[in-house]
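These notes concern the structure reproduced below.
We number each residue from 1, following the sequence as shown. Bear in mind the structure is a predicted one, so any value in this text is a computation, not a measurement.
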Amino acid sequence: NNTMKPLKLTIGMKTSRPMFRLSAIGGLLIDELLANTTHLKSFSKVFKLVEQDGVKNNFRLSGDNHNFYVGLNDIQYSIDYYNSKSILDIDYEISRFISLYEVVNNSLEINDIHRIGMVCEYQVSTKTTYVSKELLEKITNYKPDGYPAKFSLQFEQRHPITNAVGIPD
């Protein structure tokens, strides 16, 4: 029985222009995030450390498995369960990201988002000792010789640009 277990999830967004106002209200924003994460049960004791770089105008909230980063050009939320026996609940973590983003957006009023993305890494259980070869054979039409290693599959789903002045990637 082959199963797939999600182990790492990263959700991020990139703005079209730098959010220079972050340098003026970064400390206030950190206070608001910490106050909100303290009162929300879903974030109870998730973040244990606050790092702020005044020169680069960014900050990071981090814990054992979670990181939330806000910089001039992007916002990222990462969850890493590689060293955990817990199961990563993707829908739950997306809702957590949304609640963090709402706090950030209330302060920064982000209005020019260039890209939103999400990446999830999975562990696939299998009965064979040659996992990369099995994945290559089952997911693609490619039949490898020998013993391939480090098979990685990546895809993007892009949507049409809705803004008349938008520039494709």
Side-chain angles (χ1 to χ4, degrees), residues 3-124 152-169:
T3 60
M4 291 178 55
K5 178 183 173 186
L7 294 178
K8 185 172 184 179
L9 175 69
T10 301
I11 305 169
M13 59 178 28
K14 185 167 183 63
T15 59
S16 297
R17 291 178 286 193
M19 301 178 287
F20 292 114
R21 58 200 169 279
L22 180 61
S23 63
I25 62 170
L28 177 65
L29 182 53
I30 292 170
D31 288 341
E32 289 178 20
L33 282 164
L34 291 175
N36 278 289
T37 57
T38 302
H39 293 100
L40 296 172
K41 285 184 180 179
S42 69
F43 282 106
S44 179
K45 300 180 183 176
V46 168
F47 298 117
K48 299 177 180 179
L49 180 65
V50 177
E51 301 170 90
Q52 185 175 17
D53 186 338
V55 175
K56 295 181 181 175
N57 295 318
N58 63 43
F59 67 86
R60 178 183 318 276
L61 304 178
S62 57
D64 293 337
N65 300 321
H66 296 76
N67 283 295
F68 184 65
Y69 169 86
V70 178
L72 289 178
N73 295 303
D74 56 336
I75 297 170
Q76 298 172 16
Y77 179 60
S78 295
I79 308 95
D80 184 339
Y81 276 42
Y82 274 100
N83 297 320
S84 175
K85 294 186 189 275
S86 300
I87 302 289
L88 190 148
D89 183 337
I90 295 172
D91 292 331
Y92 182 65
E93 295 298 346
I94 290 171
S95 70
R96 280 179 153 181
F97 170 76
I98 291 169
S99 65
L100 290 169
Y101 173 76
E102 287 173 348
V103 173
V104 171
N105 193 41
N106 284 339
S107 294
L108 293 177
E109 298 178 3
I110 304 165
N111 44 6
D112 289 328
I113 296 172
H114 176 67
R115 180 183 301 143
I116 299 172
M118 182 168 62
V119 175
C120 190
E121 296 177 20
Y122 288 86
Q123 180 181 50
V124 179
S152 177
L153 178 66
Q154 179 178 336
F155 74 93
E156 291 185 22
Q157 180 176 348
R158 297 193 177 190
H159 296 279
I161 297 171
T162 56
N163 188 345
V165 295
I167 300 171
D169 294 328

Which is it for L33 and F59 under the side-chain contact (heavy atoms from CB on, under 4.5 Å) test, yes or no, and what are the steps along the way? CA-CA 11 Å; L33 282 164; F59 67 86; 3.6 Å; yes

Only one of L22, N58, N57 passes side-chain contact (heavy atoms from CB on, under 4.5 Å) with V70; say which it is. L22

What distance do L49 atom CG and R60 atom CZ have between them, rounded to the nearest 0.5 Å? 10.0 Å

Spatial distance of atom CG (N65) from atom OG (S78) [nearest 0.5 Å]: 11.5 Å

Answer yes or no: is there a side-chain heavy-atom contact under 4.5 Å between N36 and E102? no

Less than 4.5 Å apart, side chain to side chain, heavy atoms only: is that true for Y77 and E93? yes

Of the non-hydrogen atoms in K45 and K48, which two are nearest, and what is the gap between them? O-CE, 4.0 Å

Any idea how F47 and F68 line up, ring-wise: parallel (<30°), tilted (30 to 60°), or perpendicular (>60°)? tilted

What are the two closest heavy atoms between Y82 and L7, and how far apart are they? CE2-CD1, 3.4 Å

For I90 and Y122, work out which heavy atoms get closest and say how close. CD1-OH, 3.4 Å

Quick check: closest heavy atoms across S107 and E32, and the distance to 0.1 Å? OG-OE1, 2.8 Å

L61 side chain near V46 side chain, heavy-atom distance below 4.5 Å: no

Return the minimal non-hydrogen interatomic distance between M19 and G71, and the atom names on each side. CE-O, 3.2 Å

Any side-chain heavy-atom pair of I75 and I110 under 4.5 Å: yes

Smallest separation among heavy atoms of H66 and Y81, with atom names: CE1-OH, 4.1 Å

Could you give the distance from CG (N67) to CD (E51), rounded to the nearest 0.5 Å? 8.0 Å

Between CG of L9 and CD of E121, what distance do you get to the nearest 0.5 Å? 9.5 Å

Between atom CZ of R21 and atom CG of L108, what is the distance when rounded to the nearest 0.5 Å? 5.5 Å

State, without any angle test, whether N111 and E109 hold a side-chain donor-acceptor pair at a distance under 3.5 Å. no

Looking only at atom types and distance, does a side-chain atom of T15 sit under 3.5 Å from a main-chain N or O of D74, one as donor and one as acceptor? no

For the OG atom of S84 and the CD1 atom of I79, what is their distance to the nearest 0.5 Å? 12.0 Å

Are side-chain heavy atoms of F97 and M118 found at a separation under 4.5 Å? no

